[in-house]
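Order of the sequence lines fixes the chain letters, A, B, ..., with proteins taken first and strands second; residue numbering starts at 1 for each chain.
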Number of protein chains: 2
Amino acid sequence: MAKMSDVAKKANVSIATVSRVFSSPETVAEETKKKVLKVVEELNYTPNVLARQLRKMETKTIVVVVPDITNTFFSRVLRGIETIARENGYRVLLGDTENDITLENEYLKTLYEKHADGLILLTARTDRITIEKLSENYPVVLACEYLEGSNLPTVSIDNISAARKATEHLIKLGHRRIAHITGPMNVILSRDRLKGYKQAMESYELEVDPILIQEGDFYYKTGYNLMLKLLFIENPPTAVFAANDEMAIGAIKAIQSQGLKVPEDIAIVGFDNIKMSAIFSPSLTTIGQPTYKIGEKAMNLLLDLIRGKKLSKNQFVLDDKLIIRESCGFKND
Amino acid sequence: MAKMSDVAKKANVSIATVSRVFSSPETVAEETKKKVLKVVEELNYTPNVLARQLRKMETKTIVVVVPDITNTFFSRVLRGIETIARENGYRVLLGDTENDITLENEYLKTLYEKHADGLILLTARTDRITIEKLSENYPVVLACEYLEGSNLPTVSIDNISAARKATEHLIKLGHRRIAHITGPMNVILSRDRLKGYKQAMESYELEVDPILIQEGDFYYKTGYNLMLKLLFIENPPTAVFAANDEMAIGAIKAIQSQGLKVPEDIAIVGFDNIKMSAIFSPSLTTIGQPTYKIGEKAMNLLLDLIRGKKLSKNQFVLDDKLIIRESCGFKND
DNA sequence: ATATTTTATGTAATCCATTACACTTACATT
DNA sequence: AATGTAAGTGTAATGGATTACATAAAATAT
């Protein structure tokens, strides 16, 4: 593989000139440039990025830590991130943790090893201190999740108000006994969505029977199982707010498995607006998150940090949207 | 940030010794090692990977080119790849092409720039010559897709026989007029699945009406639209084999939108066994691909190539499986 | 006691591109 | 004509770790 010095020699110029042809072509005489580029062509020369990286101490690479790459919600955020990254000459290193904290930690280390210029976390199970420390030394942005009581740059929707909106929708449809299948409680998102649910219930002075709150884990199977459980309690709910679409669909299937119908017998609201939620029958009423935009914004923030810009503010809250479909019926049903 | 020479100075040893403590600790005296490690601790030293990479001319990074990261089929293959990569100290650079050939080409370049040690292609729209040339110089593995007439290392299922199996299943259920919604014809997978479909039809001496073959693009919406079209032809099919699950589900929705039922009125078979296919109602009969295993095998092959091992053979065909669910009914219906 | 081998460590070249600084040449200004 | 300025190019230091080779010291063999 040809290197820069080979090009320089063959073109009868110095290495510096060759380098300049690539990095600041406007400072090189037209004729020289042509000469160099011709040799570059002849030798089929490509700059060795490793050397450049070492010299400039930058990798033009960022790491994205994802809790579950097979979840389309995250892969769509990821796509937003990647697009902006690519447009700015950055590459994306994938860190799929498969919901495993140990792996999450592994990926954080890549920063210290100078393997990446920055980090976007789509999951933040690691303790706050560790992440804050990391953030003091390197560009770090949280997306979707955030850390309680921390001022790290964050992009997300307001999960509390979104969950309140979802629950209120059910209340306005006339439901009084509304269950909530939560996400895992060690995740702030889940706690926020629970909080929103409770706020809605309280503001309509509806009592929340503790048995109506079931802790899930965002997976289909769990939604199914917990819904079954809810169906067999003494006084089953007439509506369920699930903390994500996957569990919501699990719940619907559980309801259908018992010969009951959605929304006629039980209404369901989900969260995330994954692709399947529009296609599934009954289609799912849910909270739509601007996945692509979250990714976009997160990456743009990270770029600002990498470039040493001051951020105007640290917490960015994007708009969510209640998407009304079949799974909870309509007011006049 | 402390560097190796700082550690060396403070520990009163040479840089070489410090380096050895990390790369070949068994050659360093126990006492020296301790001394060095103590200083490493004190200075909070982490090796600069960039320098190592330049020196060793390896990045410990591979690129995976994916046509669509939001498709769970691919993200599951990706997970297999990443797991093996991680276990072997490799990082995964994500190359989501969003089905865009231009982007695909972009990612191929990263190899020439020494940004990665190897490449796994989950899509290969780029012309054969380019890819073969790349493969002559760098470790490249194809997964899922392959290149016609090329001997590149490949991991996939036998799409022809799988498609034949799927179609035969419909034939055995008594269907005679079976349509096929194909993938995009510029993709070898699609052509193979079409070939399998035709083989099955021929072996049962069933005539294939050209209008029953509709070219799709693997997307839900297209499956929906093409199915609508098929419903309104003169003599509509009683069964449809779709080249992937997403289109199959689109087809089912189209059928349902016309007040018809699956499988009672029209039977459907898909391909890929994405998560949704088991959950959807009716659940989808489909061909299951060993996604995780494909990823695993592809990465292991790539590791062999990177390490300069001779491959025992180049084409690895993994087993697929016909998964019978509700969407095509049962023999005695 | 001497020769030989082993073990541990150091020296210095190397990987390849970037860039501060120095220098030359051509042209403009007074 | 003398000086200043700008444009174009070159020289050489630099980034931080790896490693072939050399050397010193210790262990073993004869």
Would you say the side-chain atoms of [X] pair up with the backbone N or O of [Y], donor to acceptor, closer than 3.5 Å?
X	Y	result
B:Gln53	B:Thr59	yes
A:Thr83	A:Arg79	yes
B:Asp6	B:Lys3	yes

Assess, by modelled atom type and distance only, whether the side chains of A:Thr72 and A:Ser75 contain a donor and an acceptor separated by less than 3.5 Å.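 No, because no side-chain N or O of A:Thr72 sits under 3.5 Å from a partner of the opposite role on A:Ser75.
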
Are B:Glu104 and B:Thr126 close enough that a side-chain donor and a side-chain acceptor fall under 3.5 Å?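 Yes, a side-chain donor-acceptor pair sits under 3.5 Å.
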
Is any side-chain heavy atom of A:Leu121 closer than 4.5 Å to a side-chain heavy atom of A:Leu108?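 With C-beta onward as the side chain, the pair touches.
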
Quick one: bend of the helix from C:dA1-D:dT30 to C:dT30-D:dA1 from 5 pairs per end, to 10°?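 So the angle between the two local helix axes works out to 40°.
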
Does atom NZ of B:Lys293 have more than 12 heavy-atom neighbours from other groups under 6.0 Å away?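 No, NZ of B:Lys293 has 12 or fewer neighbouring heavy atoms, counting only those of other groups under 6.0 Å.
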
Is the shortest distance from a Lys or Arg side-chain nitrogen in B:Arg191 or B:Glu148 to a carboxylate oxygen in the other one below 4.0 Å?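 Counted as a salt bridge, because a side-chain N and a carboxylate O are separated by less than 4.0 Å.
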
Starting at atom CD of B:Glu31, determine the distance to atom P of D:dA25, rounded to an integer number of angstrom.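 That distance rounds to 17 Å.
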
Summary of protein contacts for nucleotides 8-17 of chain C, nucleotide by nucleotide, where a base hit scores B, a sugar-phosphate-only hit scores S (4.0 Å, heavy atoms): SBBB-BBBBB

